[in-house]
Amino acid sequence: MTAQDVTSDPAFDELVRMVADARRVLVFTGAGVSTESGIPDFRGPDGLWKKVDPAIFTIQNYLADRSVRVRSWRNRLDGAIRHADANDSHRAIVDLQRLGTAPVVVTQNVDGLHQAAGSGDVIEVHGTIRDVVCMNCGDRNPADATFARIDAGEDDPPCLRCGGILKVATISFGQALDPDVLDRAFAEAEQADCCLACGSSLSVMPAAMIPLRTVETGGSLAIVNAEPTDLDGIAGTVVRGRTGTVLPALVDALRGRR
Ligand code: NAD
């Protein structure tokens, strides 16, 4: 789908109208905004769940089984996320923020690419791979030093403070979300009169309840996604397309209305 196809879609016109008329927009993102950086999503056509068993990535398996940790560190090290750069979706979201009505991004992503693109206030409801945390003493540090230890030959580096098990600071299956982070995301959803959900199947709970909260508190929902999502039925508009095409077109259209 080209930018021209997007702009001739009536659903896109409605998207522009909804964002332009909103007093406060909450941008909510999922793995789809990072696929154009080469990071696979979970449930898209080339998603990770087509290739690996999600059961392996539970916190219980991580803590109990050294071989799971070795595999997990190797995945992080060799995986797409560590070397990925921000793409046009992330940059368009920065532009949207600079237009003034979308101060905060709530993301399910753990890749840090919104910040890499220049977004300031990013609420990461599923954590980040840019930090590591000790599962025993809670010591938290930037991940690069741990990745360097793996590069140097350690396959399951222990905490340097207490010898405990280290893990990237993401929320694994079976692990509770940080209640303070979640509270802030829901508060932002309530303050927004429009939630712009981008690149998410809107099927992972409780994260998908964040855009839902905007609707429940009287706001509207606009969706940009390549495939149908679980919340299409309650959205004011659904633009079916790549975020790297649709979001820059949205920014251009909003600038054109000023
Ligand atoms: P998901 O995999 O459930 O859904 C992604 C959606 O994005 C799919 O519907 C897919 O069709 C769509 N999509 C893919 N590429 C797109 C594009 N270029 N433009 C528009 N849409 C596109 O992802 P989710 O809803 O974020 O939930 C899955 C969980 O996966 C999240 O909790 C997140 O933490 C985790 N995750 C994160 C990353 C990352 O940090 N980049 C990568 C994979 C998974």
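Heavy-atom basis, side chains included; hydrogens, waters and symmetry copies ignored. The model shown is predicted, which means the values in this text are computed figures rather than measured ones. Numbering of ligands and ligand atoms starts at 1, following listing order.
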Practice item. Number the atoms of ligand 1 from 1 as they appear, then name those within less than 4.0 Å of a heavy atom of Glu227, with their elements. Key: 8 (C), 9 (O), 10 (C), 11 (O)
Exercise for review: Test Phe12 against Leu250 for side chain to side chain contact (heavy atoms under 4.5 Å, CB included), laying out the working first.
Suggested key: CA-CA 8 Å; Phe12 177 79; Leu250 170 63; 4.3 Å; yes
Practice item. Could you go through the side chain to side chain contact (heavy atoms under 4.5 Å, CB included) check for Ser200 and Gln108 one step at a time? Key: CA-CA 9 Å; Ser200 174; Gln108 298 167 90; 2.9 Å; yes
Study note, to complete from the structure: Among Asp230, Ile223, Thr35, closest by heavy atom to atom 15 (N) of ligand 1 is Thr35
Check your understanding: Do any nitrogen or oxygen atoms of His126 come within less than 3.5 Å of a nitrogen or oxygen of ligand 1?
Key -> yes
**Study point:** Side-chain heavy-atom pair Arg240, Pro228 within 4.5 angstrom cut-off
**Key:** yes
Practice item. Would you check whether Gly244 reaches within less than 4.0 Å of ligand 1, judged by its heavy atoms? Key: no
Review point. Do ligand 1 and Pro40 have nitrogen or oxygen atoms that lie under 3.5 Å from each other?
Key: no
Check your understanding: What do the steps show when you test Trp73 against Thr146 for side chain to side chain contact (heavy atoms under 4.5 Å, CB included), and what is the final call?
Key -> CA-CA 10 Å; Trp73 286 117; Thr146 306; 3.8 Å; yes
Practice item. Could you state whether Leu221 and Leu15 fall into the same hydrophobic cluster, counting links through intermediate Ile, Leu, Val, Met, Phe, Trp or Tyr residues with side-chain heavy atoms under 4.5 angstrom apart? Key: no
Review point. Below 4.0 Å from any atom of ligand 1, is there a heavy atom belonging to Ser37?
Key: no
Exercise for review: Please work out whether any backbone atom (N, CA, C, O) or any side-chain heavy atom from C-beta onward of Ala31 is under 4.0 Å from ligand 1, and answer side chain, backbone, both or neither.
Suggested key: both
Practice item. For Val204, counting its heavy atoms only, list the atoms of ligand 1 lying under 4.0 Å from any of them. Key: 27 (O), 28 (C)
Review point. Quick one: does Arg91's side chain have a donor or acceptor within less than 3.5 Å of a partner on Ala117's backbone?
Key: no
Check your understanding: Salt bridge check: are Asp155 and Arg66 linked by an N-O gap of less than 4.0 Å?
Key -> yes
Point to revise | Listed once per pair and sorted, the ring pair (Phe, Tyr, Trp, His ring centres under 6.0 Å) pairs that draw on residues 112-140, sequence neighbours left out | key: His90-His114
Point to revise | Gly30-ligand 1 polar pair, N/O distance under 3.5 Å | key: no
Exercise for review: Using a strict 4.0 Å cut-off to heavy atoms of Asp111, name the atoms of ligand 1 that fall inside it.
Suggested key: 39 (C), 40 (O), 41 (N)
Exercise for review: With heavy atoms only and a cut-off of under 4.0 Å, state how Gln108 meets ligand 1: side chain, backbone, both or neither.
Suggested key: both
Check your understanding: Would you say the side chain of Cys195 lies within less than 4.5 Å of the side chain of Glu188, judging by non-hydrogen atoms?
Key -> no
Study note, to complete from the structure: Atoms of ligand 1 under 4.0 Å from any heavy atom of Ser34, numbered from 1 in the order shown, are 41 (N)
Revision key, fill the gap. Under 4.0 Å from one or more heavy atoms of Gly241, ligand 1 contributes atoms 19 (N), 20 (C)
Revision key, fill the gap. Honestly, for Thr243 the part within reach of ligand 1 (heavy atoms, under 4.0 Å) is both
Practice item. May I ask you to check whether Ile39 has an N/O atom sitting below 3.5 Å from an N/O atom of ligand 1? Key: no
Review point. Who are the side chain to side chain contact (heavy atoms under 4.5 Å, CB included) partners of Gln175, not counting sequence neighbours?
Key: Ile59, Met135, Lys167, Ile171, Ser172
